Amino acid sequence: MQDKAMNDSLKKLLEIAEKMIMEKGCRATTLQDIADRSGLTKGAIYHYVKSKDELFGMILEAGMEKTNQRFFESVARTPAAGPEGIKSPLNTLTERIRNIGSGDSAASLIFIYLLSQQDKPAVAGILKRYHEASILTAKTWIEVGQQNGAIPVSIDAGRTARMFTVFKNGLQVQHNIVTDGDKINELEIYEFLMNALGAGRG
């Protein structure tokens with residue numbers, strides 16, 4: 001019961017921090033702000049994290065876990081094997097990637113903020129863990145698709161997962177360097193993923 005209470009508190013903390021980032025931005029959001037709004041003390045927050053950057057990293061990880069959960073829920077709802085079986089899970093991933101790459105998501109704002117702080121060893125470590133977790137998660141998705149016959153077994157899951165992660169990271173920064181008319185849209189993301197995964201090819 002105590003673990004559940006801790007998890008609930010952490011979940012609340014992450015949700016409040018995410019909302020404040022959307023309101024104020026990463027730099028202007030402080031642990032004191034988050035503590036004031038959550039009703040927790042800064043000491044209670046330090047029970048979970050050592051710094052604001054670490055808290056922001058946890059938000060990225062929580063977002064990835066939500067995507068992972070939605071992916072497997074989508075797989076469970078899709079009984080069809082073969083190429084048709086990839087469409088619903090791929091739509092789920094496409095929507096998530098579009099959202100985090102829109103520039104209007106906390107994940108995108110956090111990613112850019114952490115990149116700007118990567119000269120700090122602790123932040124570099126957070127980014128490295130996030131990158132490695134992204135690759136591992138994407139590799140799992142690809143392997144599930146291969147097991148269900150939706151993705152050819154000839155596709156190198158590890159290599160494709162690395163490409164997928166770089167593509168996702170690029171989308172997270174595109175709003176800073178690309179004009180609205182040139183931004184990659186949801187259909188283009190879907191088609192890119194379909195081609196990269198060799199969906200429809202035996």
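All values reported here derive from a predicted model rather than from experimental measurement.
- With contacts defined as side-chain heavy-atom distances shorter than 4.5 Å, the pair M22/L109 qualifies.
- By the rule that hydrophobic residues join a cluster once side-chain heavy atoms approach within less than 4.5 Å of another member, I135 and I142 end up as members of separate clusters.
- No salt bridge links E132 with R162; every basic N to acidic carboxylate O contact stays at or beyond 4.0 Å.
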Test side chain to side chain contact (heavy atoms under 4.5 Å, CB included) on Y46 and L31; report intermediate values, then the result. CA-CA 9 Å; Y46 282 124; L31 284 181; 3.7 Å; yes

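- Taking both residues in full, the closest heavy atoms of A157 and Q146 are given as CB-OE1, 4.2 Å, listed atom of the first, atom of the second, then distance.
- Residues S108 and Q172 come closest through the heavy atom pair OG-O, 3.0 Å.
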Assess the residue pair N91 and T94 against the criterion (side chain to side chain donor-acceptor pair (under 3.5 Å)); give the C-alpha distance rounded to whole Å, side-chain angles, the decisive distance to 0.1 Å, and a yes or no. CA-CA 5 Å; N91 276 326; T94 298; 5.1 Å; no

Evaluation steps, salt bridge (charged side-chain N to carboxylate O under 4.0 Å, His left out), between E23 and R37: CA-CA 13 Å; E23 293 171 10; R37 186 173 295 190; 2.9 Å; yes

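- Residues I21 and I59 are in side-chain contact: their nearest non-hydrogen atoms beyond the backbone lie under 4.5 Å apart.
- The two residues K168 and S134 come nearest to each other via the heavy atoms NZ-OG, 3.7 Å.
- Evaluation of the salt bridge (Lys or Arg N to Asp or Glu O under 4.0 Å) rule for K19 yields no partner, not counting sequence neighbours.
- Ring pair F56/Y113 is perpendicular by interplanar angle, where above 60° counts as perpendicular and below 30° as parallel.
- In terms of heavy-atom proximity, S74 sits nearest to P89 at OG-N, 3.1 Å.
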